[in-house]
Number of protein chains: 4
Amino acid sequence: MNTHSYFGGHRPGGAVISQKERNKAKYHLILEAAVKVFAQQGFFQSTISQIAREAGVADGTIYLYFKNKDDILLQFFGYKTKQVFHSFREEVDKADSARDKLWNLIRRHLEEFQNDKNMAVVYQAEARSNSRLVERQLQEMSKMYLDITAEIIEQGQEEGQIRKDLYVSLVKRFILGAVDEVINTWVLSGGKYDLVSMAEPLVDLIFRGIGSGGAPEGQVLLQAGQTP
Amino acid sequence: MNTHSYFGGHRPGGAVISQKERNKAKYHLILEAAVKVFAQQGFFQSTISQIAREAGVADGTIYLYFKNKDDILLQFFGYKTKQVFHSFREEVDKADSARDKLWNLIRRHLEEFQNDKNMAVVYQAEARSNSRLVERQLQEMSKMYLDITAEIIEQGQEEGQIRKDLYVSLVKRFILGAVDEVINTWVLSGGKYDLVSMAEPLVDLIFRGIGSGGAPEGQVLLQAGQTP
Amino acid sequence: MNTHSYFGGHRPGGAVISQKERNKAKYHLILEAAVKVFAQQGFFQSTISQIAREAGVADGTIYLYFKNKDDILLQFFGYKTKQVFHSFREEVDKADSARDKLWNLIRRHLEEFQNDKNMAVVYQAEARSNSRLVERQLQEMSKMYLDITAEIIEQGQEEGQIRKDLYVSLVKRFILGAVDEVINTWVLSGGKYDLVSMAEPLVDLIFRGIGSGGAPEGQVLLQAGQTP
Amino acid sequence: MNTHSYFGGHRPGGAVISQKERNKAKYHLILEAAVKVFAQQGFFQSTISQIAREAGVADGTIYLYFKNKDDILLQFFGYKTKQVFHSFREEVDKADSARDKLWNLIRRHLEEFQNDKNMAVVYQAEARSNSRLVERQLQEMSKMYLDITAEIIEQGQEEGQIRKDLYVSLVKRFILGAVDEVINTWVLSGGKYDLVSMAEPLVDLIFRGIGSGGAPEGQVLLQAGQTP
DNA sequence: CATGAATGAGCCTTCATTCAT
DNA sequence: AATGAATGAAGGCTCATTCAT
């Protein structure tokens, strides 16, 4: 279920492959190939010919499934938006406490990216690229992520697990950024180590911070109590 | 002093502008123009002609100062590597405690990027782009940043301000990522609000985390003490 | 059968033109066009656009058949090397005596160049151009020619038709040069007269020289005998 | 007196170098440099900058002495036309018999080219280049050479040294071509051996031909008489 | 006269896209 | 639906030539 997992169509039964399914299969075939090529060379340095060769189809065939080159990237992000959204939401809903929800979110986040390195690379690379191309898709994805995070934070605050004096719009970015950078480092390292094992210490850091007993000012009493 | 600040040569006195200085001036002029164009359109979608027009020179002139298009981006990152390295190091050295050092680092980081939005945009956009072009420059910059951060963390651990049970190589990326994402958000927002004001809550988050009294397990006592 | 003779594929039967043949046809079409343009303007002053226009294809099409502009010239010489080699060798082998072989060689040489003036022009023009481009191809062609000539001379010496006191490496160049210059003159004249008719007097000159009875010294007796 | 010989101004006396002479000196300096560069790279692949660097002047300076790049080649050939014409004529006039005149012509020809290899290379390379650029100059040079040769032949015919049944317009080209090719071979060899030593065997070949006793047909008597 | 920075026209080459088969 | 040859617009880069100093 490695690099192909996210395009995988759970084709359940049917002995005969319908025309529609064959089309869908080729659509995904090309999309996968494109992502692989994009991952290796970046979007702008990839050519339609390379993608076609990788997919084992003719150049022209690509235009039967995609409007143009941009559309491939667009479709990729569009597809992922929905897919990842469901995956994250699903996982978050499995937990009850804010801490567990955050934990589930981050773990699933790392899992998804670890399971599809090409996707991870393309996401990391193109997400910040200031081509207006995929802007909207990315905003959606990002918003979804930040919304889930904000939800968790608010729930945690109600439940008392999370500080109430937080600048929520900062915190949610702080969390996304931390996770993102950890993924980025893993990608740049060539994906050699186990990314998911970073989940626990990450959540720990997010909750406890790096301070030995909280922030210095205004918490003297606490600190005193902490290290008797 | 906005977009031009980092290339700005405060040519102090001299009545006559020497040829050499004019050359240096034009070099920076083109570099600035290029960064501006890159910021608007991304590296690959920018053309030499656009850069030339922006700089107010002929296309061919660019090749008197840069080997080729790639070289412009390379020079940009090369220049920034050194410049930012000194700026950060300088600021960190001004403080004594680990917390103050981190605070200075982050504040300066945000200042530098706020003062030169084009640089910020290009940096955010191209830093993750998987073109092997600027890979080495970026690794250097990143390493420098992470090294400073690691230094601070270790000092803080010795001084007791920072937890000793930290996975340092994770923490430093966690910090960089958090700062980075905050900048990224600011960039994508169009740079409308004051980025530097994020420094304080960021440092607070990094030190204290988001937990209301630290991590849940094994800190029940603390939590009790915190909310009497 | 003029300018196109040497690329001409006498496609004999076949009702349908296969893709492969169409490709070969277009390859030759472009090569012919290129040679024509090169003949008119010289290699360096010819542009890809001119060649494309002459061939009736788009600029980009040329790059489907040739690696780059240099490659066109290279292919031209490579093609001719083989083709002319066979033609010359074939003709030489038809004769028995050294004199007849030389006669056949020179006649065929003049025929080939007369039948394809563009080729002749390009050959004359680029053969001496000191671009290292086609150096190797030309050396091959030249060597082939000189080798055939040397062979003939040696055979003639054995058979007693040719003087034995010759500096063979000079003679073969002397012959090539004489033929070459005659072609060159014809080319510069615009190819108006019949080049092949030069073959006989050329061979006569090569065999008899211009002297009225051989070299002056040591041949006084002969001269006396010659003009009674 | 090697590579610079042909531009050498025998500046006879005068202690002070006049402005005019300084100009002339620089003119020749540039011309020499250009010829050297042309010899190495060919006309079209040489740049003004390379010539300027070779001459030790600024690019712009070249335009004070030459109208444009073409003009440099033009001037080169123009200069040579006159210079070589005089040299050849002078040498031919020193001899009386047709054979000696031809001998002197060819020897001087080889000497001039051997003494200035760069000139030889450029001449060989550009003389045949079908750029209409130097066409006229070359025609002049060629005509001059052919005229001298024709003169010699006619004189020889009158004096009985040379056959009367010759196609003169062919013979003169035959001679030029043979000499030319010998020079060309020497140039391509890198100019390592003594070119002038080729003069004697060349003249011998031209007069006697390669036949062992003249042309086969109709010369049986001669042959008989020749080898008694 | 000399300089060399600046210019910009022009060329080679790439590659997304089309379309006849 | 699939192909891949053909297209031609676009862009990076070179270099002859100019001109202010």
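Just so we're on the same page: letters track the sequence lines, and every chain starts at 1. Only heavy atoms go into these numbers, but all of them, side chains included; no hydrogens, no water, no symmetry mates.
- For D/K36, the NZ atom is loosely surrounded, since the number of other residues' heavy atoms within 6.0 Å does not exceed 12.
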Symbol by symbol from the 5' end, with Watson-Crick or G-U pairs under 3.5 Å, [ ] crossing and | another strand, DNA chain E is .||||||||||||||||||||
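- The nearest whole Å value for the distance from the CD atom in B/Q41 to the P atom in F/dG11 is 10 Å.
- Remark: B/K69 is not positioned above the aromatic ring of B/Y63, lacking an NZ or CZ atom under 6.0 angstrom from the ring centre and at most 45 degrees off the axis.
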Sugar-phosphate or base contact per nucleotide [nucleotides 10-17 of chain E; S, B, -; heavy atom under 4.0 Å]: -SSBBSSB
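- In this structure, the CD1 atom of B/I62 is 11 Å from the C1' atom of F/dC13, given to the nearest Å.
- For A/H28 and A/Y65, the ring centers sit 6.0 Å or farther from each other.
- A straight line from CZ of B/R53 to C1' of E/dG8 spans 13 Å, rounded to a whole angstrom.
- Side-chain contact between C/F38 and C/V121: absent, with no pair of heavy atoms (C-beta onward) separated by less than 4.5 Å.
- Between B/Q75 and B/Y27, the side chains place a donor N or O and an acceptor N or O closer than 3.5 Å (distance only, hydrogens not considered).
- Minimum heavy-atom separation, C/L74 to C/Q137: O-NE2, 3.4 Å.
- Between the OH atom of A/Y27 and the P atom of F/dA1 there is a distance of 15 Å, rounded to whole Å.
- Considering only heavy atoms from C-beta on, C/F76 stays 4.5 Å or farther from C/I72 through its side chain.
- We find that CG of B/L64 is positioned 12 Å from C1' of F/dC13, with the value rounded to whole Å.
- Regarding B/K26, its NZ atom lies at a distance of 14 Å from the P atom of F/dA20, rounded to whole Å.
- Closest approach to the C/Y65 side chain among E/dG8, F/dA5, E/dC1 is made by F/dA5 (side chain taken as heavy atoms from C-beta onward).
- Here the side chains of A/V35 and A/E32 are not in contact, with every heavy-atom distance at 4.5 Å or above.
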